[in-house]
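Right, one structure below, let's go through it.
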Amino acid sequence: MAVAPAPHLPAASARRPQSGPPLLAPVLAFVALTVAYVVVNRSTPHPDASGLDVLRYADGHGTAIRLGAFLLLASAVPLVLCAAVLYRRLRALGITAPGSAITLVGGVLAGGALVTSALFTWSGGRLPADAPASLARALADLSFLSGGPGYAVMYALLAAGVSVTGLLAGLLPKALSWGGLLIAAAGMLSSLTLLADGFAYLLPVVRFGGAVWLVCVAAFLPRTRRRTPQPYGQEPDPAAS
């Protein structure tokens, strides 16, 4: 009994890599939520403020603190989506080197740091007026450490993964790749904030500079690429043949 042959599918369409959804949408959502959070929490006591000052601020600005915690938590969602789309985009471009995985891990951990900071922030905003000042200071410290140095170090992994890959594989303009490496270096150095307060100035560099850099990456990172030999962990792109 003869069996009808299966319809022939072009090899390129059968194996065409999927680059994922547009990158600019989650990037802009992340930037907008980050800016909104900073505006809402612009008067938050500094890390060197006393526990009593933190408690007084929490007692008088509970609504702003809870709103800021919500915005911070919400910003983690598009950041994780950005990391996932970046990973998928780099893989679709033929990148098999560790840079794509480092990008994904860094973005997920940075999003987790924002979630942790938001939870501590929300808890600190619910403290009663007669709560111990030491508890208020401890919650504020945990929120700062997770959303400050913790976030910056994890974001540095994302920036380094994209920038090194973009530089060695020629996927991004060199200036943009080197800018990402500078942001990654600032993020790593910001971990020294745990030892000396003087390194805290690097935190806004990573927070705001990293946001601007991510918008540029979303604009310049290609979705497809011609099939050319690449020395940096790239597989041929069957869609380009």
Side-chain angles (χ1 to χ4, degrees), residues 24-85 106-158 183 186-187 190-191 193-194 197 199-215:
L24 194 59
V27 168
L28 292 179
F30 168 68
V31 172
L33 289 169
T34 298
V35 172
Y37 162 74
V38 172
V39 171
V40 170
N41 285 264
R42 60 188 180 276
S43 59
T44 300
H46 292 171
D48 57 354
S50 67
L52 186 58
D53 290 337
V54 174
L55 190 59
R56 288 172 178 168
Y57 178 82
D59 184 53
H61 301 81
T63 300
I65 292 175
R66 290 191 291 272
L67 177 58
F70 167 77
L71 293 171
L72 193 60
L73 177 65
S75 69
V77 177
L79 179 59
V80 172
L81 291 177
C82 289
V85 175
V108 171
L109 291 178
L114 293 180
V115 170
T116 304
S117 179
L119 297 180
F120 283 126
T121 299
W122 186 85
S123 300
R126 287 174 53 84
L127 290 176
D130 58 348
S134 58
L135 176 59
R137 182 65 268 172
L139 289 174
D141 286 341
L142 291 171
S143 176
F144 168 75
L145 290 174
S146 53
Y151 166 79
V153 170
M154 296 303 105
Y155 192 88
L157 293 178
L158 182 150
I183 290 171
S190 70
S191 63
T193 304
L194 278 68
D197 294 338
F199 290 93
Y201 73 93
L202 293 172
L203 297 176
V205 172
V206 179
R207 179 63 63 89
F208 300 111
V212 173
W213 171 82
L214 194 58
V215 173

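Only this structure's heavy atoms are used, side chains among them; waters, hydrogens and symmetry mates stay out.
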Query - side chain to side chain contact (heavy atoms under 4.5 Å, CB included) assessment of Y37 paired with L114 - result: CA-CA 11 Å; Y37 162 74; L114 293 180; over 6 Å; no
Query - Whether T116 side chain and G112 backbone form a donor-acceptor pair below 3.5 Å - result: yes
Requested in this report: Quick one: closest heavy-atom pair of S191 and V153, and the distance?
Outcome: CB-CG2, 3.7 Å
Query raised in the report: Distance-only, no hydrogens or angles: does the R207 side chain make a donor-acceptor pair with backbone N or O of Y151 under 3.5 Å?
Result: no
Query raised in the report: Where do A129 and D59 come nearest, in terms of heavy atoms and distance?
Result: CB-OD1, 3.8 Å
Report task. Please work out which of the three classes, parallel, tilted or perpendicular, describes the rings of Y155 and W213, given edges at 30° and 60°. Result -> perpendicular
Report summary line: Nearest heavy-atom contact between D53 and P45 is O-CG, 4.3 Å
Query raised in the report: Do the side chain of S123 and the main chain of L119 share a donor and acceptor less than 3.5 angstrom apart?
Result: yes
Could you pull out all donor-acceptor pairs under 3.5 Å where a side-chain atom in residues 63-81 meets a protein atom, sequence neighbours excluded?
residue: S75; atom: OG; partner: L72; partner atom: O; Å: 2.7

Report summary line: When rounded to the nearest 0.5 Å, the distance separating OG of S134 from CG of L52 is 11.0 Å
Requested in this report: Mind checking side-chain contact (heavy atoms from CB on, under 4.5 Å) for A131 and listing every partner two or more places apart, or none if nothing turns up?
Outcome: L55, L127, P128
Query - Closest non-hydrogen atom pair between S190 and G187, with its separation - result: OG-O, 2.5 Å
**Report entry** Listed once per pair and sorted, the salt bridge (Lys or Arg N to Asp or Glu O under 4.0 Å) pairs that draw on residues 128-138, sequence neighbours left out
**Finding:** R137-D141
**Report entry** Smallest separation among heavy atoms of L203 and P149, with atom names
**Finding:** CD2-N, 3.7 Å
Query - Interatomic distance, S146 atom OG to M154 atom CE [nearest 0.5 angstrom] - result: 12.0 Å
